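When reading the values below, keep in mind they use all heavy atoms of this one structure, side chains included, and skip hydrogens, waters and symmetry mates. Residue numbering restarts at 1 for every chain, and letters A, B, ... go by the order of the sequence lines. From a predicted model like this one, the values you see are computed outputs, not experimental measurements.
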2 protein chains.
Amino acid sequence: MRRTRQVTILSVAAAAGVSKSTVSRVMNGTPTVDPEIVTRVRDVATRLGYRPSGTAQNLSRGRTGIVGVLVPDLANPLFAAILKGISAEAEKDGYRTLVADANEQPGEELRHLHELARQSDGLILCGPRMSTPDLAGLSELDEPIVVVNRKPARSLFPSVTVDSQEAVDALCRHLDALGHTRLCYLAGPAEAAAESDRWSALQSSIRSRTKLLRIPAGAMLDDGHAAADEALATGATCLIGFNDLVALGALARLQELGFAVPDRVSVAGFDDIVYARYTSPGLTTIAMPQTEFGQEAWRLLSPFLQGRKGRRTRTLQARLVIRPSTGPAPMRG
Amino acid sequence: MRRTRQVTILSVAAAAGVSKSTVSRVMNGTPTVDPEIVTRVRDVATRLGYRPSGTAQNLSRGRTGIVGVLVPDLANPLFAAILKGISAEAEKDGYRTLVADANEQPGEELRHLHELARQSDGLILCGPRMSTPDLAGLSELDEPIVVVNRKPARSLFPSVTVDSQEAVDALCRHLDALGHTRLCYLAGPAEAAAESDRWSALQSSIRSRTKLLRIPAGAMLDDGHAAADEALATGATCLIGFNDLVALGALARLQELGFAVPDRVSVAGFDDIVYARYTSPGLTTIAMPQTEFGQEAWRLLSPFLQGRKGRRTRTLQARLVIRPSTGPAPMRG
DNA sequence: GTGAAAGCGCTAACAC
DNA sequence: GTGTTAGCGCTTTCAC
């Protein structure tokens, strides 16, 4: 079907008594056009309501001006924040963001990415859950790719990652000082790179007198809520969520059960999503540089979009934010 | 610059010893192709890593397969949820969503929309803050448009709205039963249609013995946080936020100030964002049908994208969700 | 300074 | 069943 579009460049050209090329020049602000013609074309264009077809421009120019962004879950404020960071930065360079939400289903990611790739000039993958081989396979897309919050094998793609070790050390010192010797980590999805990062950071940070337990949870509010009972059963005095959503979910469950936080149990998380500050008690957490993640991702990607080489890695620092959800461990017995 | 792309349909055609058309047919799954050729073409395509250019397809087919979505603020879980609803539904029909976040700046909306329009087949405006004339002016884009959570003047565009009156009535009865006779509404942005909807619903619902005050706040967490002091100063025993973010912001401030909720002050909001359930105390709120908003928006838009006529309005029902943040009014000092 | 013409990579009549 | 051909609406050399 050849749907006839409304006002094309040709109609404007005809109405203004000039050639397509001239109209094109005017619309793109090429300076070498007779000012008189410029105004005439502008007028006609406005009168006719001419709006250049983005698609045609894209095809002709060989670029789309679109960057595809894949997130595991838009409902997670962390990713909403990263996305905002990307959009804001990309927009300055005239790019728009096409978003795909994988809904925490790793199997969906590849499909989304192939779709995104066909409509974009570059890709940003936020905390991708897909397998390492799948990730590596993306190089076949021959499109610039930047990965956020996961280090691709052999540095295949530029990536912006975070170093949490120091902050986790600080958290463990903090908990140790409060007398917690039995911690329970509510683990995230095995597919998330952050999961293993966080888990190993914890393992290497805990004091020798401290026992670190681990039970599976997930990445969402409900996962934390559901895992809380089991976590309590371990006898831990402090629950550490894979992320703030999990921590908040657990927190809610504790309060339902009448477990005072932090008096009976302490809770901590990762990310510092905006709500971590607004729950009560406020949540102690390892803060990720959220908007910065997005900004840096764009800055890494941008040069490649212009065919230049750019730097390949950027490491940001996480930091510990202490709030009332962590307090002194209750006395034994 | 005529950037030469990698593998075009032509290269595949040549390598497979067939015409472009045949390759096109194969790639699009047209059934009338010799099975043997199908496999041959598929093989060659895979071997060469051929991926059809979305842009060229778009131009040729006269459609982009993209729907543009404008939101006031992606960080608001309400809009994240609506967006998820749209994406999920649109995806079933083979459409992707291009998102623009106006960051609660009404002046930015038009610019974003014009941009979006050039890259999409249809537009969904979520709670647009722009002026009525501006909104009306969008009909010049001659693209199907659906508006969510705001009734366009003269029903210019199809819209999905919510009827909150009943739920607000229920809220007012609830508060009255608890003995609250002095309420303070933390108003949202004047530009938001929901703002006037909610305010007038409240006005027409309150009992005659009740005093309804109003102070300006905004649409975000910090706005509620900042407005809480002034709200308290009114002597109201219940604070009602324009939305849950405002309510939660105020709630946090109250707790900072040591005002027990709901013992000294009750708090309520609008939307029922996911965190309303997870704060403590849980937030009483008028729940919007969030994902449904998105779904319905797509269902309204979809027929128009196919050149058919569709229904023009859809009204969903809000409902009251009572949680511990509202309790009996304190005894008079 | 402006126009003519050749694409960008694909789809879809229309013939064969 | 398959190839030929004419676009989709724009950009961009290259002449004039």
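Distance L10(A) CG to dT11(D) C1': 14 Å, rounded to the nearest Å. The separation between N58(A) atom CG and dC10(C) atom C1' is 14 Å, rounded to whole Å. If you take NZ of K20(B) and C1' of dA6(D), they are 10 Å apart, rounded to a whole angstrom. Distance R25(B) CZ to dA12(C) P: 10 Å, rounded to the nearest Å. dT11(C) atom P lies 12 Å from atom CZ of R63(B), rounded to whole Å.
Between S19(B) and dT2(D), a side-chain N or O to OP1/OP2 separation shorter than 4.0 Å is absent.
Geometric assessment of R150(B) against the ring of F157(B) yields a negative cation-pi assignment under the 6.0 Å and 45° thresholds.
At a threshold of 4.0 angstrom between heavy atoms, the contacts of T22(A) are confined to the sugar-phosphate backbone, with no base atom among them.
One cannot find a donor-acceptor pair under 3.5 Å joining the base of dG9(D) and the side-chain atoms of T55(A). For a distance-only test at 3.5 Å, the side chain of S21(A) qualifies as a donor-acceptor partner of the base of dA4(C). Side-chain to base pairing of R51(B) with dG9(C): no donor and acceptor N or O lie closer than 3.5 Å to each other.
Electrostatic pairing of E109(B) and R129(B) does not count as a salt bridge here, judged by no charged N lying under 4.0 Å from a carboxylate O.
For T64(A), the side-chain hydrogen bond (donor to acceptor under 3.5 Å, both in side chains) partners two or more places apart in sequence, or in a different chain, are D121(A). Evaluation of the side-chain hydrogen bond (donor to acceptor under 3.5 Å, both in side chains) rule for R96(A) yields no partner, not counting sequence neighbours.
Of the residues in residues 28-46 of chain B, those lying under 4.0 Å from DNA chain D by heavy-atom distance are T32(B), V33(B), D34(B), I37(B).
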